[in-house]
Amino acid sequence: EAQVTQNPRYLITVTGKKLTVTCSQNMNHEYMSWYRQDPGLGLRQIYYSMNVEVTDKGDVPEGYKVSRKEKRNFPLILESPSPNQTSLYFCATRIGGTWGETQYFGPGTRLLVL
Amino acid sequence: SQELEQSPQSLIVQEGKNLTINCTSSKTLYGLYWYKQKYGEGLIFLMMLQKGGEEKSHEKITAKLDEKKQQSSLHITASQPSHAGIYLCGADADNYGQNFVFGPGTRLSVLP
(Lines give C-alpha, C1' and ligand atoms only; values in the text may rest on other atoms or scores of the structure.)
Protein backbone atom coordinates (compact mmCIF):
# COMPACT_ATOMS: atom_id res chain seq x y z
CA GLU A 1 0.00 0.00 0.00
CA ALA A 2 1.29 3.43 -0.99
CA GLN A 3 1.96 5.36 2.17
CA VAL A 4 3.42 8.49 3.64
CA THR A 5 4.09 7.99 7.32
CA GLN A 6 4.96 10.54 9.96
CA ASN A 7 6.22 10.07 13.48
CA PRO A 8 5.35 11.00 16.05
CA ARG A 9 1.71 11.86 15.43
CA TYR A 10 1.49 13.96 18.59
CA LEU A 11 4.27 15.66 20.49
CA ILE A 12 4.43 17.97 23.47
CA THR A 13 7.80 19.52 24.19
CA VAL A 14 9.38 22.50 25.88
CA THR A 15 11.10 25.52 24.41
CA GLY A 16 14.63 24.85 23.25
CA LYS A 17 14.55 21.07 23.33
CA LYS A 18 15.64 19.77 19.94
CA LEU A 19 13.22 17.48 18.17
CA THR A 20 12.87 15.62 14.89
CA VAL A 21 9.71 14.68 13.07
CA THR A 22 10.27 11.84 10.65
CA CYS A 23 8.62 11.37 7.28
CA SER A 24 8.91 8.26 5.19
CA GLN A 25 7.36 7.23 1.87
CA ASN A 26 7.28 3.91 0.05
CA MET A 27 6.35 5.22 -3.40
CA ASN A 28 9.87 5.95 -4.65
CA HIS A 29 8.89 9.58 -5.15
CA GLU A 30 11.63 12.07 -5.80
CA TYR A 31 9.88 15.14 -4.44
CA MET A 32 9.10 15.57 -0.76
CA SER A 33 7.88 18.56 1.14
CA TRP A 34 6.94 19.81 4.61
CA TYR A 35 4.03 22.08 5.46
CA ARG A 36 2.64 23.60 8.59
CA GLN A 37 -1.03 24.36 9.07
CA ASP A 38 -2.23 27.10 11.38
CA PRO A 39 -5.71 28.52 11.97
CA GLY A 40 -6.33 31.52 9.79
CA LEU A 41 -3.07 31.04 7.89
CA GLY A 42 -3.78 27.77 6.12
CA LEU A 43 -1.08 25.43 4.90
CA ARG A 44 2.33 26.94 4.26
CA GLN A 45 5.33 25.24 2.75
CA ILE A 46 8.40 25.01 5.00
CA TYR A 47 10.97 23.14 2.92
CA TYR A 48 10.95 20.89 -0.08
CA SER A 49 13.36 18.46 -1.68
CA MET A 50 13.61 17.62 -5.35
CA ASN A 51 15.79 14.59 -4.74
CA VAL A 52 18.45 13.15 -2.47
CA GLU A 53 20.78 15.85 -1.15
CA VAL A 54 18.72 18.57 -2.86
CA THR A 55 16.63 20.74 -0.56
CA ASP A 56 15.29 24.26 -0.76
CA LYS A 57 13.34 26.73 1.33
CA GLY A 58 9.62 27.17 1.07
CA ASP A 59 7.67 30.14 2.36
CA VAL A 60 8.33 29.73 6.10
CA PRO A 61 11.71 28.01 6.64
CA GLU A 62 12.90 29.99 9.69
CA GLY A 63 13.53 27.79 12.70
CA TYR A 64 13.53 24.54 10.73
CA LYS A 65 16.09 22.29 9.12
CA VAL A 66 15.70 19.32 6.84
CA SER A 67 17.89 16.65 5.37
CA ARG A 68 17.44 14.24 2.51
CA LYS A 69 20.06 11.52 2.72
CA GLU A 70 17.81 8.80 1.33
CA LYS A 71 15.02 9.06 -1.18
CA ARG A 72 12.39 7.62 1.14
CA ASN A 73 13.06 9.79 4.21
CA PHE A 74 12.75 13.52 4.77
CA PRO A 75 13.01 14.44 8.46
CA LEU A 76 12.06 17.86 9.78
CA ILE A 77 14.35 19.14 12.51
CA LEU A 78 13.58 21.84 15.03
CA GLU A 79 16.91 22.68 16.65
CA SER A 80 15.46 24.99 19.28
CA PRO A 81 11.67 24.89 19.21
CA SER A 82 9.70 27.94 20.26
CA PRO A 83 5.99 28.30 21.10
CA ASN A 84 5.30 29.90 17.72
CA GLN A 85 6.18 26.58 16.13
CA THR A 86 3.19 24.97 17.77
CA SER A 87 1.30 23.74 14.74
CA LEU A 88 0.02 20.82 12.70
CA TYR A 89 2.74 19.56 10.37
CA PHE A 90 2.28 17.62 7.17
CA CYS A 91 4.76 15.81 5.00
CA ALA A 92 3.90 15.33 1.34
CA THR A 93 5.39 13.58 -1.67
CA ARG A 94 4.95 13.65 -5.41
CA ILE A 95 6.54 11.61 -8.16
CA GLY A 96 8.91 14.30 -9.36
CA GLY A 97 9.21 18.04 -9.27
CA THR A 98 7.06 18.71 -12.30
CA TRP A 99 3.91 20.71 -12.03
CA GLY A 100 0.74 18.80 -12.63
CA GLU A 101 1.65 15.89 -10.39
CA THR A 102 -0.54 15.04 -7.44
CA GLN A 103 0.88 15.42 -3.95
CA TYR A 104 0.16 12.76 -1.36
CA PHE A 105 0.04 13.79 2.27
CA GLY A 106 0.96 12.09 5.48
CA PRO A 107 -1.48 11.94 8.41
CA GLY A 108 0.02 14.94 10.17
CA THR A 109 2.00 15.59 13.35
CA ARG A 110 0.48 17.82 15.98
CA LEU A 111 3.19 19.67 17.88
CA LEU A 112 2.78 21.71 21.05
CA VAL A 113 5.75 23.71 22.28
CA LEU A 114 5.42 24.96 25.85
CA SER B 1 4.30 35.33 -5.08
CA GLN B 2 1.15 33.50 -5.97
CA GLU B 3 -1.77 33.66 -3.59
CA LEU B 4 -4.98 31.71 -3.54
CA GLU B 5 -8.24 32.98 -2.13
CA GLN B 6 -11.24 30.85 -1.34
CA SER B 7 -14.86 31.76 -0.88
CA PRO B 8 -16.83 31.34 1.17
CA GLN B 9 -14.74 30.85 4.30
CA SER B 10 -17.41 28.63 5.75
CA LEU B 11 -20.64 27.16 4.59
CA ILE B 12 -23.53 25.46 6.35
CA VAL B 13 -26.04 23.66 4.16
CA GLN B 14 -28.94 21.32 4.65
CA GLU B 15 -28.42 17.77 3.47
CA GLY B 16 -29.48 17.40 -0.14
CA LYS B 17 -28.61 20.94 -1.15
CA ASN B 18 -26.12 21.86 -3.84
CA LEU B 19 -23.19 24.11 -3.09
CA THR B 20 -20.21 25.76 -4.76
CA ILE B 21 -16.79 26.70 -3.41
CA ASN B 22 -14.55 29.06 -5.34
CA CYS B 23 -10.80 29.39 -5.56
CA THR B 24 -9.22 32.44 -7.16
CA SER B 25 -5.58 32.95 -8.01
CA SER B 26 -3.59 36.13 -8.37
CA LYS B 27 -1.65 34.56 -11.24
CA THR B 28 -2.17 31.98 -13.96
CA LEU B 29 -2.54 28.53 -12.51
CA TYR B 30 -0.25 25.81 -13.78
CA GLY B 31 -1.89 23.03 -11.85
CA LEU B 32 -4.90 23.41 -9.58
CA TYR B 33 -5.67 20.77 -6.98
CA TRP B 34 -8.62 20.22 -4.72
CA TYR B 35 -8.20 18.46 -1.39
CA LYS B 36 -10.56 17.60 1.41
CA GLN B 37 -9.51 17.55 5.05
CA LYS B 38 -11.35 16.28 8.06
CA TYR B 39 -10.57 18.53 11.00
CA GLY B 40 -7.02 17.92 12.23
CA GLU B 41 -6.45 15.03 9.86
CA GLY B 42 -4.56 14.49 6.64
CA LEU B 43 -5.48 15.79 3.23
CA ILE B 44 -7.37 13.64 0.78
CA PHE B 45 -6.77 14.37 -2.88
CA LEU B 46 -9.95 14.99 -4.82
CA MET B 47 -9.09 16.29 -8.28
CA MET B 48 -6.48 18.04 -10.35
CA LEU B 49 -7.12 20.46 -13.19
CA GLN B 50 -4.54 21.69 -15.66
CA LYS B 51 -6.14 23.00 -18.81
CA GLY B 52 -8.26 26.08 -19.26
CA GLY B 53 -11.91 25.11 -19.39
CA GLU B 54 -11.24 21.68 -17.94
CA GLU B 55 -13.93 20.01 -15.88
CA LYS B 56 -13.71 16.82 -13.85
CA SER B 57 -16.24 14.90 -11.82
CA HIS B 58 -16.06 12.24 -9.19
CA GLU B 59 -19.25 10.93 -7.68
CA LYS B 60 -21.17 14.07 -6.70
CA ILE B 61 -18.26 16.47 -6.86
CA THR B 62 -17.42 18.49 -9.97
CA ALA B 63 -14.48 20.82 -10.34
CA LYS B 64 -13.90 23.33 -13.12
CA LEU B 65 -11.02 25.54 -14.15
CA ASP B 66 -11.88 28.67 -16.08
CA GLU B 67 -10.48 29.46 -19.50
CA LYS B 68 -8.05 32.03 -18.14
CA LYS B 69 -6.80 29.51 -15.57
CA GLN B 70 -7.18 31.89 -12.67
CA GLN B 71 -10.32 30.61 -11.05
CA SER B 72 -11.63 27.21 -10.11
CA SER B 73 -14.91 26.10 -8.63
CA LEU B 74 -15.88 22.97 -6.75
CA HIS B 75 -19.52 22.01 -6.93
CA ILE B 76 -21.19 19.40 -4.74
CA THR B 77 -24.54 18.09 -5.82
CA ALA B 78 -27.06 16.77 -3.30
CA SER B 79 -24.73 17.21 -0.33
CA GLN B 80 -24.47 14.57 2.37
CA PRO B 81 -23.06 14.68 5.91
CA SER B 82 -20.06 12.73 4.61
CA HIS B 83 -19.14 15.76 2.51
CA ALA B 84 -18.49 17.82 5.64
CA GLY B 85 -14.92 18.97 6.16
CA ILE B 86 -12.46 21.58 5.00
CA TYR B 87 -11.96 21.96 1.27
CA LEU B 88 -8.61 23.30 0.19
CA CYS B 89 -7.45 24.39 -3.20
CA GLY B 90 -3.75 24.21 -3.93
CA ALA B 91 -1.62 25.18 -6.88
CA ASP B 92 1.82 24.90 -8.30
CA ALA B 93 3.34 28.31 -7.65
CA ASP B 94 5.42 28.12 -10.79
CA ASN B 95 5.89 25.97 -13.84
CA TYR B 96 8.80 24.12 -12.26
CA GLY B 97 6.57 22.26 -9.82
CA GLN B 98 8.73 23.01 -6.83
CA ASN B 99 6.78 25.53 -4.80
CA PHE B 100 3.22 24.80 -3.84
CA VAL B 101 0.65 27.10 -2.29
CA PHE B 102 -2.71 26.51 -0.67
CA GLY B 103 -5.81 28.56 -0.26
CA PRO B 104 -7.05 29.22 3.28
CA GLY B 105 -9.76 26.59 3.03
CA THR B 106 -13.55 26.48 3.13
CA ARG B 107 -15.18 24.79 6.08
CA LEU B 108 -18.31 22.91 5.05
CA SER B 109 -20.94 21.65 7.45
CA VAL B 110 -23.87 19.57 6.21
CA LEU B 111 -26.87 19.36 8.49
CA PRO B 112 -28.82 16.11 8.42
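Convention: sequence-line order gives letters A, B, ...; per-chain numbering from 1.
We find the CD1-CD distance between B/Ile86 and A/Gln37 to be 6.5 Å, quoted to the nearest 0.5 Å.
Minimum interatomic distance between A/Gln103 and B/Tyr35 (heavy atoms only, all atoms of both residues): O-OH, 2.8 Å. Counting all heavy atoms, side chain and backbone alike, B/Tyr33 lies closest to A/Thr102 at CE2-CA, 3.9 Å.
More than 12 non-hydrogen atoms from other residues, nucleotides or ligands lie less than 6.0 angstrom from CD of B/Gln80. Heavy atoms of other residues, nucleotides or ligands lying less than 6.0 angstrom from NZ of B/Lys56 number more than 12. Heavy atoms of other residues, nucleotides or ligands lying less than 6.0 angstrom from CD1 of B/Ile12 number 12 at most. Summarising the local packing, NZ of B/Lys38 is surrounded by more than 12 heavy atoms from other residues, nucleotides or ligands at distances under 6.0 Å. Under a cut-off of 6.0 angstrom, the local environment of NZ in B/Lys64 is sparse, with at most 12 non-hydrogen atoms contributed by other residues, nucleotides or ligands. The number of heavy atoms from other shown groups lying within 6.0 Å of CD (B/Glu15) is above 12. The environment of CZ in B/Arg107 is sparse: at most 12 heavy-atom neighbours from other residues, nucleotides or ligands sit within 6.0 Å.
If you chain together hydrophobic residues whose side chains sit under 4.5 Å apart, B/Tyr87 and B/Val101 fall into the same group. Cluster annotation: A/Ile77 and A/Val21 are assigned to distinct hydrophobic clusters (Ile/Leu/Val/Met/Phe/Trp/Tyr, side-chain heavy-atom contacts under 4.5 Å, transitive). With hydrophobic clusters built from ILVMFWY side chains whose heavy atoms lie under 4.5 angstrom apart, A/Phe90 does not share a cluster with A/Phe74. Under the 4.5 Å side-chain heavy-atom criterion for ILVMFWY residues, no single connected hydrophobic cluster contains both A/Val52 and A/Leu76. Each of A/Trp34 and A/Tyr104 belongs to its own hydrophobic cluster when Ile, Leu, Val, Met, Phe, Trp and Tyr are linked at side-chain heavy-atom distances under 4.5 angstrom.
Contacts of B/Leu88 with chain A are made by side-chain atoms alone, with heavy-atom separations under 4.5 Å and no backbone atom involved. Interface remark: B/Gln6 contributes no atoms to any contact with chain A (heavy atom separation under 4.5 Å). Heavy atoms of A/Gln6 lying under 4.5 Å from chain B are absent altogether. Interface residue A/Leu88: only side-chain heavy atoms are found under 4.5 Å from chain B.
When the heavy atoms of residues 78-87 of chain A are compared with those of chain B, none of the residues falls under 4.5 Å. Residues of residues 106-114 of chain A lying under 4.5 angstrom from chain B, judged on non-hydrogen atoms, are A/Gly106, A/Pro107, A/Arg110 by number.
Taking the centre of each ring, B/Phe100 and A/Tyr48 stay at or above the 6.0 Å mark.
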